[in-house]
Amino acid sequence: MSAKVAEIFETMEYGPAPESDKTAQEWLESHGRSFGHFINGKWVKAPKGKSFTTTNPASGETIAKIQLGTKADVDAAVKAAAKAQKAWAARDGHDRAKYLYALARLIQKNSRLLAVVECLDNGKPIRETRDIDVSLAARHFYHHAGWAQILESEFPAYEACGVVGQVIPWNFPFLMLAWKIAPALAAGNTVVLKPAEFTPLTAMLFAELCLEAGLPAGVVNIVNGDGSTGAEITKHEDIAKIAFTGSTDVGRIIREATAGSGKTLTLELGGKSPTIVFENADLDSAVEGVVDGIWLNQGEVCCAGSRLLLQEGIAEKMIAKLTKRMANLRVGSPLDKAIDMGALASDEQYQKIDRLVKLGVKEGAKLVQPGKDSCPATGCFYPPTMLLNVQPSSTVAEVEIFGPVVTVMTFRTPEEAVMLANNSRYGLAASVWSENINLALDIAPKLKAGVVWINSTNMFDAACGFGGYRESGFGREGGREGMFAYLKPKYLKALPAYKETKSALSPAKHVSAVEGVANIDRTAKLYIGGKQARPDGAYSLSITDKNGKLVGQVGEGNRKDIRNAVEAAKKAEGWGKSAHHLRAQILYYIAENLSARSDEFKKRLVQVTGVTPAAAQKEVDESIRRLFTYGAWADKYDGQVHTPPARLVSVAMKEPVGILGIVCPDENPLLGFVSLFAPAMAMGARTVIVPSEKYPLLATDFYQVFDTSDVVAGSINIVTGHRKELTKTLAEHDEIDALWYFGSDAAGSALVEKASSGNLKRTWVNSGRQRNWFDRAQSEGEEFLRYATEIKNIWIPYGE
Ligand code: NDP
């Protein structure tokens, strides 16, 4: 019997508010509860193909049978996508915009069905699928309809990558599909997408919307399957770019699998994001921020606020408020409109979370689960969980639990908060709570995270790039930066390939053999921390001219020297925060000093490379000009202020990448070197540079230019020696954040991409193709600045 109104006023009990799943069930029936793949605009099902089932994690019921994509299915999808791509890219941007707009409208028209299907398949609450997943997905298609419309005028030097392979996870199945497909299509790519095994259904519904929108066959292809299907996509030779969202472990596998293939890659991986609450925060708002940060989507969120850092003075009060609030969170049927948390996506995920929580308790944490008794006893329901007394080194403070579990630690000072927050191998998001805006704005740039929410959490918008630092991956989704991930410069296809060359260097000959400098030690040392440093191994390498005559010697750097250079770069952290005007001044000063020594550098170029004096002069002049270019850019490559549809601004700051390794080419050993260090310097990146292996003297002669140009010690470090060996060390080094490879060979790029999978550093490689360093369209400008910076979005709410 239902309760009387008077009784309800007394108890304030929630009544059931179920959303009907009738339409969703009818839709499933219309497909006979069985799905194949969507390839070349048609449903494809192999009569004897293997299949798996997808279940409703809230009830355990089987929802539908899904076919498991094989290599042949992936081949067919890639073939269809490749066939459709040229015509799709050649369409007028306005034409593509109309299709994206149609998809946005169809998502809106089918929003309730999409929301219910997502609930059934994933277990997340209808309140979230309806108000967050589906509406943000529609917004993504609208936003990218816009980019398609203005693509030609906004990205005139760029073109589509080609066929794009996309692999997505089960936590936001439809939203991740939208984040992947909308920008890819806007840029003129065609796609082969694999949804997660647990949650393929909204992708199937989307395929129907593609048919309804009249999207040309082959533009969108969806192949169902598991990790093996994903692996077939990531290694496919005819795919030009891979976009992946999922775990860091699989991200690492994909980094290695695609190394050297020429495919571009963006990875949106795991996180362990901090929520920092200062003593002067509005605690009641902060409690709601924590609730949203960790219990949205049952905590199965890559940017979940899973580490709560409380300033000591308010820790007790905040924990008490939070415990009380946790007891009131309602966990139950995802289709009930008045519940806060639904079911976890699978029993597998339930077991993983439970195992980690038990481990946390074993390692000394105190378990707080006030809502445990009201959590449904059957189905994959896990209560909101808080772990107190957690040590920064304990497992639960380090690994991504990917469930409704928050770990709590305390701090005393803002410096300690920053240190604890950054004490993670991840760097996806952070949330800062303080009523002192000065404090919050001081902390935000210090956090190693791609997104920082001030007095807010889990805010997303298609216009604001989302993505991580460190092992949270690289690349951004959304906004202009997200579009770059699906475009490539037009000049690339015309670049000639390098031939494999043998190392030019030989162990040092006797010093007295050096022409004209008998008995004088003219061995150029390394340049580390603003000083010339002897190589650790105390060996030198001989440098010869075009006739094989000895012209000088350089230090033979090794692993230890790279480590010392990285240490020096770490100490020069202040360079990243230096004023842009200062960076410009230093670059102009370097240009001035190079100009004063123009003759000396010209002679050196003639001597070692054998070019004519006129060609050498041209290279020196272009190098001076390039320094001026980056002096110019230093204070002009600014961030942006986005205005998402809410009472917030999102400040997109361009931050230096941190410590950047650079491997220089042999051709144009002066201009190549300058073209690579100058943009990094302009953006405040600290560099460890391996100069041309064949002609390192152009870089070692530069030490004196740096010394006389106010270059900050440690902001630029140079290690001469064998390119391959030094490159491998740079790629494997965990404290190098990014690596550019422009070595003059065919194999180095693959080495860099493979060996960088350890800390998943961001790489930019030449894929064995030689650029023309004199051609300004390909060798200077914003492309270089983009690779020298990371975009961090800081969200700031306004109003009372
Ligand atoms: P995965 O990273 O394994 O899955 C993401 C996607 O990659 C799925 O479509 C998956 O297929 C596919 N995949 C799996 N292996 C490969 C491979 N070798 N090559 C190409 N694609 C592959 O995440 P899981 O679903 O297995 O979850 C494991 C853990 O990862 C979770 O417990 C959670 O901690 C974390 N996770 C993090 C996410 C994030 O956004 N940060 C998202 C999802 C998970 P399929 O699943 O269909 O087999």
Side-chain angles (χ1 to χ4, degrees), residues 50-54 57 66-69 71 74 121-122 124 165-173 175-177 179-180 192-201 203 222-236 239 242-258 263 265-273 296-304 306 344-357 380 382 395-396 398-405 424-429 450-451 458 460 466-468 470-473 475 477 757 760:
K50 271 197 198 164
S51 58
F52 57 93
T53 54
T54 179
I66 314 289
Q67 215 159 61
L68 188 114
K71 179 175 183 312
V74 171
D121 208 15
N122 170 281
K124 61 168 74 190
Q166 306 181 316
V167 179
I168 57 172
W170 42 258
N171 56 340
F172 288 91
L175 184 57
M176 287 304 104
L177 173 146
W179 279 24
K180 295 280 177 287
V192 175
L193 175 133
K194 188 194 89 65
E197 193 181 339
F198 294 146
T199 54
L201 294 179
I222 302 175
V223 181
N224 283 307
D226 62 9
S228 67
T229 317
E232 289 298 340
I233 293 176
T234 54
K235 71 179 183 210
H236 203 290
I239 287 182
I242 297 290
F244 172 78
T245 298
S247 63
T248 294
D249 289 345
V250 174
R252 203 167 266 129
I253 292 171
I254 294 175
R255 168 69 293 179
E256 290 180 11
T258 55
K263 290 183 178 64
L265 179 63
T266 40
L267 297 174
E268 204 269 89
L269 309 175
K272 192 75 184 173
S273 302
L296 175 91
N297 203 35
Q298 301 73 243
E300 295 167 325
V301 183
C302 50
C303 53
S306 53
L344 298 173
S346 67
D347 187 50
E348 217 171 86
Q349 193 60 13
Y350 182 101
Q351 300 303 338
K352 179 191 161 193
I353 293 164
D354 198 42
R355 209 168 46 242
L356 279 166
V357 168
C380 301
Y382 202 90
T395 311
V396 287
E398 285 182 350
V399 305
E400 183 181 44
I401 299 177
F402 220 62
V405 183
S424 168
R425 57 198 174 101
Y426 297 111
L428 195 49
V451 185
N458 277 338
F460 308 98
F466 180 86
R470 299 172 162 179
E471 291 184 37
S472 292
E477 297 189 285
S757 68
L760 287 165

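Worth knowing before you read on, the calculation uses all heavy atoms, side chains too, and leaves out hydrogens, waters and symmetry mates. Each residue takes its place number in the sequence, starting with 1. Ligands are counted one by one from 1 in listed order, and the atoms in each one are counted from 1 as well. Predicted model only: the values in this text are computed from it and were never measured.
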Ring pair (Phe, Tyr, Trp, His ring centres under 6.0 Å) partners of Phe244, counting only residues at least two apart: none
Closest candidate by heavy atom, reference [atom], pool [options]:
atom                    : options                        : value
atom 15 (N) of ligand 1 : Ala231, Gly227, Ser472         : Gly227
atom 27 (O) of ligand 1 : Phe52, Trp170, Phe402, Phe172  : Trp170
atom 42 (C) of ligand 1 : Pro169, Gly165, Gly473, Ser228 : Pro169

Is ligand 1 under 4.0 Å from a heavy atom in the side chain of [X], in the backbone, in both, or in neither?
X      : answer
Gln349 : side chain
Val167 : side chain
Asp249 : neither
Phe198 : neither

Hey, is ligand 1 close enough to Leu269 that some N/O pair sits below 3.5 Å? yes
Flag the pair Phe172 / Trp179 as yes when their ring centroid distance falls below 6.0 Å, and as no otherwise. no
Hey, what do you get for CG (Leu193) to CG (Leu177), rounding to the nearest 0.5 Å? 5.0 Å
Do you see a protein non-hydrogen atom under 4.0 Å from atom 4 (O) of ligand 1? no
